[in-house]
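To start, the structure under review is shown below, and the notes come after it.
Along the sequence shown, residues are numbered consecutively beginning with 1. Just so it is clear, the model here is predicted, and its values are computed rather than measured.
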Amino acid sequence: MKTVAITGASGMIATELVSLLLGKGGYEISLISTNPDKYISRWDSGNVRWYTLGQWMDELKKTGKRCDVLINTGFARSSNGVDVSSSLQFTVDVALAARRCRVASFINISSQSVYGKIYEPLWTEETPVAPDYMYALGKYSAELLIDSILCSSSVNYTNVRLSSVCENARFLRVFVQNAIENRPIRVQDGRQSLSFIDVRDVASGLLAMIEKAPVAIFDKIYNLGTGVCNTIMEMAQMVKKIALEKYGIQVEIIVEEANLPMHVGMNPGKFKETFGWKPAYDLEKMICSLFNYLKYSDLGGGVSH
């Protein structure tokens with residue numbers, strides 16, 4: 001049975017990945033959180049156990065087990081200096097734990113934001129980084145810290161620069177919520193182009209890495225995304241189309257004049273080729289999932305499964 005440990009274990013990506021691993025079977029899963037007692041009842045499976053980072057390290061030392069893959073998803077989605085500093089310290093602690101516990105493979109979740117907005121997409125792993133706000137600088141700093149800690153170790157490590165996850169896109173959720181409530185969708189400019197990935201595709205990409213980890217020597221950087229960019233106007237029009245075709249709701253799109261140039265997106269070709277992966281969810285499927293969740297769930301947030 002393969003052993004997989006995941007930090008940031010209460011988050012969306014970790015939650016989706018655990019569901020996928022349990023469905024596939026054959027995995028012993030350690031979930032690492034700063035507050036494991038709060039989430040311990042989330043999974044009804046003997047193959048899932050919750051720990052703090054220290055408890056997990058103690059367990060490995062006591063049992064003599066070796067972790068096959070450690071995935072670090074734990075980083076605050078914030079540009080607050082205190083949050084970023086705390087996340088960087090946690091990154092150091094996790095990387096040191098990976099080295100001290102002789103983890104076989106280490107996957108750090110980074111962000112496409114490290115590329116900034118100087119260079120035209122689609123960005124490849126060779127595109128120079130140019131982080132232009134605190135969160136992006138924090139993510140790139142985490143990559144450098146991990147490299148400095150693990151470069152001379154036996155750990156097979158990499159950083160996965162992740163595209164924007166659809167379920168985290170506040171403006172897209174607002175578009176869908178407005179459509180459900182029969183209110184206009186307001187678009188500023190609309191020419192900005194962005195690329196999103198569904199959290200289920202993130203989980204399937206990580207699973208592909210986990211399965212290949214025993215035989216693959218990771219490159220230091222991989223881009224994980226769909227490689228497809230859409231303008232904000234195209235996204236608004238897709239919301240309008242789905243609202244009418246699936247729910248019989250007529251939605252008005254109001255365009256407000258602005259000059260907000262922004263073009264964001266990565267080329268995931270190396271990731272697809274290396275791990276034999278491809279995304280299953282296009283923009284229409286992502287938006288349909290948001291409709292399904294926001295229309296029928298009282299929880300507010302996430303994606304239906």
Side-chain angles (χ1 to χ4, degrees), residues 4 6-8 13-14 17 69-75 77 84 87-88 90-92 94-96 98-99 103-165 194-197 199 201-229 263-279:
V4 176
I6 308 170
T7 71
I13 292 173
L17 179 57
V69 183
L70 171 58
I71 302 175
N72 181 36
T73 74
F75 203 97
R77 293 185 64 247
V84 172
S87 294
L88 287 172
F90 182 74
T91 298
V92 169
V94 173
L96 288 172
R99 181 170 184 144
V103 168
S105 295
F106 179 85
I107 300 169
N108 177 58
I109 303 302
S110 188
S111 166
Q112 70 176 4
S113 64
V114 303
Y115 291 115
K117 301 178 183 67
I118 294 177
Y119 303 99
E120 285 295 313
L122 296 171
W123 307 313
T124 70
E125 289 83 354
E126 285 71 43
T127 301
V129 299
D132 53 9
Y133 64 107
M134 183 74 77
Y135 172 80
L137 183 59
K139 278 294 193 180
Y140 184 57
S141 298
E143 292 182 11
L144 296 177
L145 288 167
I146 288 166
D147 185 55
S148 69
I149 293 169
L150 298 180
C151 63
S152 60
S153 74
S154 62
V155 180
N156 182 28
Y157 69 96
T158 188
N159 296 283
V160 175
R161 292 175 178 167
L162 187 61
S163 183
S164 296
V165 178
L194 306 169
S195 182
F196 289 106
I197 185 170
V199 69
D201 279 331
V202 177
S204 70
L206 293 176
L207 176 61
M209 296 185 79
I210 291 168
E211 293 188 328
K212 200 159 187 178
V215 295
I217 302 300
F218 291 153
D219 285 351
K220 288 185 179 179
I221 303 294
Y222 293 101
N223 291 340
L224 176 53
T226 65
V228 177
C229 295
H263 305 287
V264 176
M266 300 185 300
N267 183 338
K270 184 168 76 169
F271 187 95
K272 290 180 178 180
E273 181 178 354
T274 302
F275 300 104
W277 172 89
K278 62 180 180 180

Side-chain donor-acceptor pair present, T124, N267, cut-off under 3.5 Å
no
T7 vs L70, side chain to side chain contact (heavy atoms under 4.5 Å, CB included): CA-CA, chis, key distance, verdict:
CA-CA 8 Å; T7 71; L70 171 58; 4.2 Å; yes
Where is the tightest heavy-atom contact between A213 and V69, given as atom of each residue plus distance?
CB-CG2, 4.0 Å
According to the interplanar angle, ranging from 0 to 90°, do the rings of Y222 and F218 count as parallel (below 30°), tilted (30 to 60°) or perpendicular (above 60°)?
perpendicular
When you compare the side chain of F275 with that of E211, does any pair of heavy atoms fall below 4.5 Å?
no
Any side-chain heavy atom of I71 within less than 4.5 Å of one from I210?
yes
Distance-only donor-acceptor check, side chains R77 and S87, under 3.5 Å
no
Check whether S110 reaches the backbone of V160 with its side chain - one donor and one acceptor, N or O, closer than 3.5 Å.
no
Just verifying a value: how many Å separate D201 CG and L207 CG, rounded to the nearest 0.5 Å?
12.0 Å
Heavy-atom pair of closest approach, residues W277 and G205
NE1-N, 3.3 Å
Under the side chain to side chain contact (heavy atoms under 4.5 Å, CB included) criterion, do Y157 and C151 qualify, and how do the steps go?
CA-CA 8 Å; Y157 69 96; C151 63; 3.6 Å; yes
Nearest non-hydrogen partners of R99 and V155, listed with the distance:
CA-CG2, 4.3 Å
Side chain to side chain contact (heavy atoms under 4.5 Å, CB included) assessment of F75 paired with F90
CA-CA 8 Å; F75 203 97; F90 182 74; over 6 Å; no
Closest non-hydrogen atoms of S163 and G225, given as atom of the first, atom of the second and distance, are CB-CA, 3.8 Å
I'd like to know if the side chain of N72 reaches the main chain of T91, judged simply by a donor and an acceptor atom lying under 3.5 Å from each other, with no hydrogens or angles considered.
no
Approximate separation, where rounding is to 0.5 Å, of D219 CG and F271 CZ:
12.0 Å
I'd like to check the ring pair (Phe, Tyr, Trp, His ring centres under 6.0 Å) partners of F106; sequence neighbours left out, ordered by chain and number.
none
Which heavy-atom pair separates Q112 from G265 by the least distance, and what is that distance?
OE1-CA, 4.3 Å
Exam field: side chain K139 to backbone I109, donor-acceptor pair closer than 3.5 Å:
yes
Would Y115 and N223 count as a side chain to side chain contact (heavy atoms under 4.5 Å, CB included) if you check the C-alpha gap in whole Å, the side-chain angles of each, and the deciding distance to 0.1 Å?
CA-CA 11 Å; Y115 291 115; N223 291 340; 2.8 Å; yes
Checking the side chain of S195 only, and the main-chain atoms of V228 only, is there a donor and an acceptor separated by less than 3.5 Å?
yes
Salt-bridged, E125 to R161, with N to O below 4.0 Å?
no
Main-chain N/O of I221 paired to K270 side chain as donor or acceptor, under 3.5 Å
yes
Do L88 and V92 come within less than 4.5 Å of each other through their side chains, counting heavy atoms only?
no
Euclidean distance, S204 OG relative to I197 CD1, rounded to 0.5 Å:
7.0 Å
I107 backbone acceptor or donor facing T158 side chain under 3.5 Å:
no
Nearest 0.5 Å, please: how far is OG in S113 from CE in M134?
13.0 Å
Does V94 reach the side chain of I146, with side-chain heavy atoms less than 4.5 Å apart?
no
To check you understand the geometry: which heavy-atom pair defines the closest contact between A14 and T73, and what is its length?
CB-OG1, 4.2 Å
